[in-house]
**Q** 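One structure follows; several queries about it will come next.
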Amino acid sequence: MLTKKQIDYVLDTIGEMFPEAECELTHSNPFELLVAVVLSAQATDALVNKVTPGLFKKYKSPEDFMEVPLEELEQDIRSIGLFRSKAKNIKKLSYSLIEKYDGKVPSERDELVTLAGVGRKTANVVASVAFDEPAIAVDTHVERVSKRLGICRWKDSVLEVEKTLMRKIPKELWSETHHRLIFFGRYHCKSQSPQCMECPLLHLCREGKKRLKKKGIEVK
DNA sequence: CTCCCGATAT
DNA sequence: ATATCAGGAG
């Protein structure tokens, strides 16, 4: 496990690597962000962004999603994958927004997670990006990077990872750090091909040293 | 825990 | 061919 000083070093380093890290899902208001994040489950941002511009041109409000036949919405988002459940969730979610929230996206996480297709991670993204609430959304990248670097333990659940990060990172840095961890995971510490040889954090990364040793490369 | 699922990288 | 992708519901 990393010490407090080592974690500060990690934050500084990923800050230098990705100073401008931010949400990469195309959106222009909280509702579009909510739909985009629901669509992004187990899909790349790039894939979602291919669909959403056209989608948001066709559907401008929860009412529009509520009224369209399910099969038509399924076809509109088919290329993203998991399209049947996502289409159903977006229609249900739109109905709830109209019925309970006057057609607007709530800013509270407790309210967001009551919406169809919205779990803790999605709620954190919406609260953080759309409403500027401090939050750390633990997605596949944040989880993988936190475990590889030794910020948390390998056996930790997603919720435990989030709690550990919130405990070890100052609240005012939560949102920007969370985006930098995602960029670090997405573009550098990649799942299949992590760039350990060129990693400025290799000296404190147990997993990176283990991986290089396995390839016959000695690291002190 | 399994299922949902197409696109892309490896 | 297989692994992975801003996960969540049943």
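Note on naming: letters A, B, ... go to the chains in the order of the sequence lines (proteins, then strands), and numbering restarts at 1 for each one. In what follows, every heavy atom counts, from backbone to side chain, and hydrogens, waters and symmetry copies are set aside. Keep in mind that what you see is a predicted model, and the values were worked out from it rather than measured.
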**Q** With a non-hydrogen cut-off below 4.0 angstrom, is V138(A) in contact with a base, only sugar-phosphate, or nothing?
**A** nothing
**Q** Using the six-membered ring wherever Trp is involved, compare the ring planes of F18(A) and F184(A) and label them parallel, tilted or perpendicular (cut-offs 30° and 60°).
**A** perpendicular
**Q** Tell me yes or no: between the side chains of S175(A) and S128(A), is some donor less than 3.5 Å from an acceptor?
**A** yes
**Q** Could you pull out the closest heavy-atom pair between V138(A) and K121(A), with the gap in Å?
**A** O-CG, 3.8 Å
**Q** If we take the P atom in both dC4(B) and dA1(C), what is their distance in whole Å?
**A** 23 Å
**Q** Roughly how many Å apart are dA7(B) and dG8(C), using the P atom of each and rounding to a whole number?
**A** 23 Å
**Q** Holding to side-chain hydrogen bond (donor to acceptor under 3.5 Å, both in side chains), I want the full list of residues that pass it with N124(A), two or more places apart in sequence or in another chain.
**A** E162(A)
**Q** If you assign each of Q192(A) and A116(A) to its closest nucleotide in DNA chain C, which residue comes earlier from the 5' end?
**A** Q192(A)
**Q** For K58(A), is the NZ atom crowded, meaning more than 12 foreign heavy atoms sit under 6.0 Å from it?
**A** yes
**Q** Kindly give the heavy-atom pair with the smallest separation between V35(A) and I90(A), and that separation in Å.
**A** CG1-CD1, 3.9 Å
**Q** Tell me, for nucleotides 1-8 of chain B in 5' to 3' order, what letter each nucleotide earns: B for a base near a protein heavy atom under 4.0 Å, S for only sugar-phosphate near one, - for neither?
**A** ---BBBSS
**Q** Examine Y9(A) together with H203(A) and report whether their ring centres are nearer than 6.0 Å.
**A** yes
**Q** Quick check on the hydrophobic clustering: are L112(A) and I98(A) connected, directly or via other members, by side-chain heavy-atom contacts under 4.5 Å?
**A** no
**Q** With a 4.0 angstrom cut-off to heavy atoms of chain A, pull out the first and last contacting nucleotide of DNA chain C, in 5'-to-3' order.
**A** dA3(C) to dA9(C)
**Q** If you pin V37(A) and N89(A) to their nearest nucleotides in DNA chain C, which one's is more 5'?
**A** V37(A)
**Q** Say you pick atom C1' in dC1(B) and the same atom in dA6(C); how far apart are they, in whole Å?
**A** 23 Å
